[in-house]
Amino acid sequence: MAIHFNSTYLKGFLADHEVGALSGAVKAAHESLVNHSGLGSDFLGWIELPTNYDKEEFSRIQAAAEKIQKQADILIEIGIGGSYLGARAAIELLKSPLYNNLKKDTPDIYFAGNSVSPSYLQELLSICEGKDLAVNVISKSGTTTEPALAFRVFKALLEKKYGAEGAKERIYCTTDKARGTLKELADREGYATFVVPDDVGGRYSVLTAVGLLPIAAAGCDIQAIMNGAKAAQEAYNCSDLSKNECYQYAATRFALSQKGKAVEIMASFDPCFAMMAEWYKQLFGESEGKDNKGIYPSSVIFSTDLHSLGQFIQDGSRIMFETFIDIKKPKQDFFIEEDAENLDGLNFLSNQEMSKVNRKVMEATILAHTEGGVPAVVLEVPEINEYEFGYMVYFFEKACAISGYLLGVNPFDQPGVESYKKNMFALLGKPGYEDRRADLEARLSK
């Protein structure tokens, strides 16, 4: 019932002492987290979250999820970045990437407010026609452009469909506990509200109401998720590198980066992990990518991407390492029958479960890529369920924090995200950005 860090395939790429030599730095990073003395220490609420979460709000989340399940055919989740990635990752991992197409007694869940694509919005509105709806909008401030614009549209749709009184029973706001545009609107209109904790940043927020409400609405056991995260919190509360496999992963990443491996490819052999990899990419990309530092997070789903990116990984520039997610027990299996004609020549695969074939594909890939000069880390996951999901989330969050401190950056801010926003506001004519707008338009006209 835990993630196992398997370093077998690092032989020839890293000597044991190269990781072991980081034990002092890892211990210092651990102490900075525990003592809240490092960079970004105002955003460490996620560390104790699995044990210190608000139990009263947790009960309200469960009750709201049950209400949504009864009142809605479709739940629209409005948010961007960490406000939706964790929830979508959980639903696709624990249920299915085809969740909305499954026979079920829970609502379809669609995600909005993560782009400004008019085509996507119109298509989503078309899907909602004739359906009973609920909306969960997630925004600390309520003014982030993408989700605010989507909420404006869906709020108007619900009020037109159900009236103002009916709409307020179908709108759920996850926002700041005391202030901000969305909080003020929710209080004025009487919407149900849940809290984005002040000390938990967006990409670390999946174990708060941000992620838990939509995950629960999809029929997942959020108590089991928190139990898994609690087990990981206890398992990784140790500064000894030799005993902490989460820290071993973080230290290995750093050691590989010091040898020129600037890209980490997270590889899974199950499509249900695709959005989990997207969540990982935001977590590490937004946490580490600062001061011209950081490991670029990428991902693949094999064997699919062996037929697209496999050639580059095998023979391209040697700038990367791979982190393989080895799920020991699949959610479901499929028995391959023998075919009497054997026209496809695949009878050598017959009379066994497909998971065994998938495992051999993984083993063949690891051997091929390491032989081609790509170091490989393997993270072994016992199975996919709510407990393991919670455990995995905490594993990656803790590893990311340690990785950031090893790099010497603040893993809990994202100053670079603001750059595009300022330019966007200026080009769209937001008041107060007139001088910047003139400069940007001049640059664009050249």
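Hydrogens, waters and symmetry mates play no part in the numbers below; they use all other heavy atoms, side chains included. We're numbering straight along the sequence, starting at 1.
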D413 side-chain N/O to P415 backbone N/O, donor-acceptor pair under 3.5 Å: no

Crowding at NZ, K422 (>12 non-hydrogen neighbours, <6.0 Å): no

Close side-chain approach of P107 to I74, heavy-atom, < 4.5 Å: no

Side-chain heavy-atom pair I295, L256 within 4.5 angstrom cut-off: no

Test log, rule side chain to side chain donor-acceptor pair (under 3.5 Å), inputs S299 and K281: CA-CA 8 Å; S299 65; K281 285 192 281 190; 3.2 Å; yes

Euclidean distance, T106 OG1 relative to L75 CG, rounded to 0.5 Å: 10.0 Å

Closest contact, heavy atoms only, C173 versus Y191: SG-CD1, 3.7 Å

Q314 side chain vs A368 backbone, donor-acceptor pair below 3.5 Å: yes

Step-by-step ring pair (Phe, Tyr, Trp, His ring centres under 6.0 Å) determination, Y236 to Y247: CA-CA 8 Å; Y236 302 131; Y247 291 4; 7.5 Å; no

Main-chain N/O of C238 paired to N244 side chain as donor or acceptor, under 3.5 Å: yes

S119 and S117 side chains, donor-acceptor separation under 3.5 Å: no

Atom CZ of R318 with >12 non-hydrogen neighbours under 6.0 angstrom: yes

Greater than 12 external heavy atoms within 6.0 Å of K55's NZ: yes

Value rounded to 0.5 Å, distance of CD1 in I384 from NZ in K331: 7.0 Å

Exam field: side chain R203 to backbone F284, donor-acceptor pair closer than 3.5 Å: no

Inter-residue atom distance T252.OG1 - Q248.CD, 0.5 Å rounding: 7.0 Å

Close side-chain approach of W46 to L207, heavy-atom, < 4.5 Å: no

Salt bridge flag under 4.0 Å for residues D198 and K140: yes

Pairing of E184 and R188 as salt bridge, 4.0 angstrom limit: no

D132 side chain to Y162 side chain, donor-acceptor N/O pair below 3.5 angstrom: yes

Whether F396 and W279 hold their rings parallel, tilted or perpendicular, with breakpoints at 30° and 60°: perpendicular

Intermediate values then yes/no, side-chain contact (heavy atoms from CB on, under 4.5 Å), T145 and F425: CA-CA 9 Å; T145 303; F425 291 151; 3.3 Å; yes

For the student: nearest non-hydrogen atoms of G142 and L182, plus distance: CA-CB, 3.7 Å

Heavy-atom check, side chain of L158 versus side chain of V135, under 4.5 Å: yes

Shortest non-hydrogen contact between A267 and E322, atoms and distance: CB-OE2, 4.3 Å

Inter-residue atom distance I91.CD1 - M275.CE, 0.5 Å rounding: 10.0 Å

Contact check, side chains of Y296 and I319, non-hydrogen atoms, under 4.5 Å: no

Under 3.5 Å side-chain donor-acceptor pair for N358 and S355: no

Check: Q311 main-chain N/O paired with D315 side-chain donor or acceptor under 3.5 Å: no

Whether Y9 side chain and V374 backbone form a donor-acceptor pair below 3.5 Å: no

K329 with E388: basic N within carboxylate O range, under 4.0 Å: no

Steps toward salt bridge (charged side-chain N to carboxylate O under 4.0 Å, His left out) verdict (E159, K155): CA-CA 6 Å; E159 290 177 344; K155 176 177 176 290; 3.0 Å; yes

Atom pair CD/CD1 of Q62 and I222 - distance to nearest 0.5 Å: 4.5 Å

Considering all heavy atoms, the nearest R253-S403 contact: NH1-OG, 3.2 Å

Parallel, tilted or perpendicular: ring planes of F269 versus F324, cut at 30 and 60 degrees: parallel

Sidechain N-carboxylate O distance under 4.0 Å for R359, D326: yes

Sub-4.5 Å side-chain heavy-atom contact between L121 and L125: yes

Nearest non-hydrogen partners of V26 and A251, listed with the distance: CG2-CB, 4.1 Å

Pair N237, Q233: side-chain N/O donor-acceptor within cut-off below 3.5 Å: no

Close side-chain approach of L33 and L44, heavy atoms under 4.5 Å: yes

Donor-acceptor pair, side chain of Y394 and main chain of I47, under 3.5 angstrom: yes

E57/R60 salt bridge by N-O under 4.0 Å criterion: yes

N136 (side chain) donor-acceptor with Y172 (main chain) under 3.5 angstrom: yes

Ring pair (Phe, Tyr, Trp, His ring centres under 6.0 Å) between Y120 and F111, worked out: CA-CA 10 Å; Y120 179 87; F111 296 87; 9.6 Å; no

Parallel, tilted or perpendicular: ring planes of F412 versus Y204, cut at 30 and 60 degrees: tilted

K230, NZ atom: more than 12 neighbouring heavy atoms under 6.0 Å: no

Minimum-distance pair of heavy atoms, taken over all atoms of Y84 and G79: CD2-O, 3.6 Å

Under 3.5 Å donor-acceptor, S287 side chain and P411 backbone: yes

Ring geometry between Y53 and F58 (parallel below 30°, tilted from 30 to 60°, perpendicular above 60°): tilted

Donor-acceptor under 3.5 Å (K398 side chain, C246 main chain): no

Within 6.0 angstrom of Q332 CD, more than 12 heavy atoms from elsewhere: no

Rounded distance [0.5 Å steps], CG in N423 versus OH in Y433: 10.0 Å

Beyond-backbone contact of E397 with V206, side-chain heavy atoms, under 4.5 angstrom: yes

